[in-house]
Amino acid sequence: MEDQARMMLGHIGLTGLSHEDVGDPDNIRKHHNLGQPQQQDIGDILQQIMVITDESLDEAQARKHALNCHRMKPALFSVLCEIKERTALSIRGVQEEDSPDPQFLRLDNMLLAEGVAGPERSGASAAAAVVAAAAGGSPSEGNVEHSEYKEKLAQIRRMYHAELEKYQQACNEFTDHVMNLLREQSRTRPISPKEIERMVGIIHRKFSTIQMQLKQSTCEAVMILRSRFLDARRKRRNFSKQAAEILNTYFYSHLANPYPSEEAKEDLARKCSITVSQVANWFGNKRIRYKRNVAKLQEEANRYAVKTAVDAASVSSQASQANSPATPNSGGYPAPCYTPDGRL
DNA sequence: CGTCATGATTGAAG
DNA sequence: CTTCAATCATGACG
């Protein structure tokens with residue numbers, strides 16, 4: 001009650017008066033050089049207010065209600081609101097009108113694309129797409145990494161949604177609270193519905209900046225996770241000597257047409273325990289690099305030619321030299337010269 | 001450290 | 001889609 005009285009005094013502009021001052025209308029008149037009838041009225045009002053503070057709660061409520069129902073109340077309320085609108089609010093209330101932040105949208109889109117926001121996706125989610133695209137091939141590849149990635153992403157996703165929910169709830173709660181408070185206070189203070197609306201807007205903006213931060217950090221987490229996997233994939237591991245051997249053997253024995261069919265690729269992939277796309281990569285690299293530097297690789301070509309010849313010879317000791325797989329050479333790739341010591 | 005080899009990625013072309 | 005060509009990024013090595 002005391003507080004309320006003080007508050008009302010504050011709004012009428014009479015702060016700084018001690019209780020004793022207020023209690024004595026003569027003092028007020030003295031302080032404010034009053035004397036005219038309307039000021040006399042203010043004095044009366046103050047007197048009434050102070051009386052109110054001494055009343056019981058029920059009485060006060062009743063009186064408050066009575067005041068609230070006064071026929072002049074709406075008019076006074078709207079006038080005060082208008083005045084308030086024109087003064088204080090015009091100073092701080094203008095610079096709002098936020099544009100839909102493009103960065104905010106960007107974050108939203110990214111989270112959506114990453115499968116963090118939006119509806120739960122099962123199976124072939126963005127994670128699968130990322131892994132599959134990078135591995136470049138069959139869905140069965142990279143299962144370990146895939147599940148790991150998926151799990152991490154799901155974890156991020158869970159955290160994100162939990163936090164988002166929390167913020168949303170807090171925002172709603174706080175908004176409700178403030179709205180109730182303002183509505184309640186609008187019975188004693190000039191607070192227009194518009195102002196309440198504006199306050200709600202401010203609260204929502206504040207909360208959405210918090211949400212923005214959440215989204216930003218979630219994005220960062222996803223990016224880090226992704227880059228880790230991307231790096232892991234990009235991190236080049238040389239194929240085993242054995243695999244290189246198999247691939248080179250195939251390449252040089254099909255030098256005339258070093259384009260393995262899909263089945264051949266699958267076969268090679270199986271033999272080398274690498275993926276089909278890795279085989280394709282290898283052949284792509286090999287073809288271009290062989291072509292680029294025939295002279296340098298000729299020696300290697302000879303080595304493998306000899307090797308296949310020897311292998312073939314060991315299988316069927318006849319006709320292996322003449323029918324060596326490397327011999328048919330009508331393609332654009334220069335044939336190696338065969339000399340037992342590997343020289344040209 | 002620099003250099004080369006090599007697997008992966010990218011973009012153009014078909 | 002595949003292939004080529006250029007390029008990136010890392011591994012191996014002196």
Side-chain angles (χ1 to χ4, degrees), chain A residues 106 109-110 113-115 123-150 152-153 219-220 222-308 325-326 328-337 342-344:
Chain A
R106 210 172 52 83
N109 286 337
M110 190 203 145
E114 229 35 73
S125 66
V130 168
V131 171
S138 71
S140 62
E141 287 167 13
N143 265 335
V144 178
E145 287 187 18
H146 177 184
S147 61
E148 202 183 322
Y149 181 91
K150 223 167 92 179
K152 292 257 172 68
L153 195 71
C219 267
E220 263 168 43
V222 171
M223 290 303 249
I224 289 167
L225 180 65
R226 242 185 111 153
S227 74
R228 258 232 301 280
F229 273 79
L230 227 64
D231 284 353
R233 268 181 269 108
R234 187 137 194 155
K235 206 167 215 168
R236 189 177 58 75
R237 302 261 68 180
N238 285 354
F239 297 153
S240 68
K241 278 259 181 272
Q242 208 177 345
E245 199 80 1
I246 293 166
L247 292 167
N248 273 314
T249 304
Y250 186 96
F251 180 79
Y252 286 115
S253 51
H254 297 75
L255 203 52
N257 187 34
Y259 297 88
S261 64
E262 204 52 43
E263 298 86 68
K265 279 185 203 166
E266 279 167 27
D267 189 45
L268 285 166
R270 221 172 313 114
K271 281 182 188 158
C272 303
S273 41
I274 57 177
T275 68
V276 173
S277 43
Q278 281 178 305
V279 173
N281 282 341
W282 190 90
F283 273 88
N285 283 322
K286 193 70 185 178
R287 280 191 297 266
I288 195 69
R289 281 164 187 166
Y290 181 81
K291 200 158 87 179
R292 195 152 61 201
N293 201 345
V294 177
K296 201 166 146 199
L297 288 180
Q298 204 114 62
E299 198 178 321
E300 189 178 64
N302 283 332
R303 270 215 324 277
Y304 282 97
V306 169
K307 182 181 172 309
T308 49
N329 183 31
S330 50
Y333 294 87
C337 308
R343 293 170 56 83
L344 299 184

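The structure presented is a predicted model; accordingly, all values stated were derived computationally and were not measured.
A donor N or O paired with an acceptor N or O is not found under 3.5 Å between the base of B/dA5 and the side-chain atoms of A/N238.
When all heavy atoms are compared, the tightest approach of A/I246 to A/K271 is CD1-O, 3.8 Å. Heavy-atom minimum distance, A/K265 versus A/P260: CE-O, 3.5 Å.
Side-chain proximity of A/N281 to the nucleotides C/dT3, C/dA12, B/dT9 is greatest for B/dT9. The listed nucleotides are C/dC4, B/dT6, C/dG11; the one nearest the side chain of A/R289 is B/dT6.
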Item to check | Steps toward side-chain contact (heavy atoms from CB on, under 4.5 Å) verdict (A/F283, A/Y259) | outcome: CA-CA 8 Å; A/F283 273 88; A/Y259 297 88; over 6 Å; no
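Within the 4.0 Å cut-off from OP1 or OP2 of C/dT3, at least one side-chain nitrogen or oxygen of A/K265 is found. Distances shown here put every side-chain N or O of A/K286 at or beyond 4.0 Å from the OP1 or OP2 atom of B/dG7. One finds no side-chain N or O of A/R292 lying less than 4.0 angstrom from the OP1 or OP2 phosphate oxygen of C/dA5.
Using a 4.0 Å heavy-atom distance criterion, A/F239 is classed as a sugar-phosphate-only contact.
Between the A/N285 side chain and the A/N281 main chain, a donor and an acceptor come within less than 3.5 Å of each other.
Rounded to an integer number of Å, the gap from NZ of A/K241 to P of C/dA12 is 10 Å.
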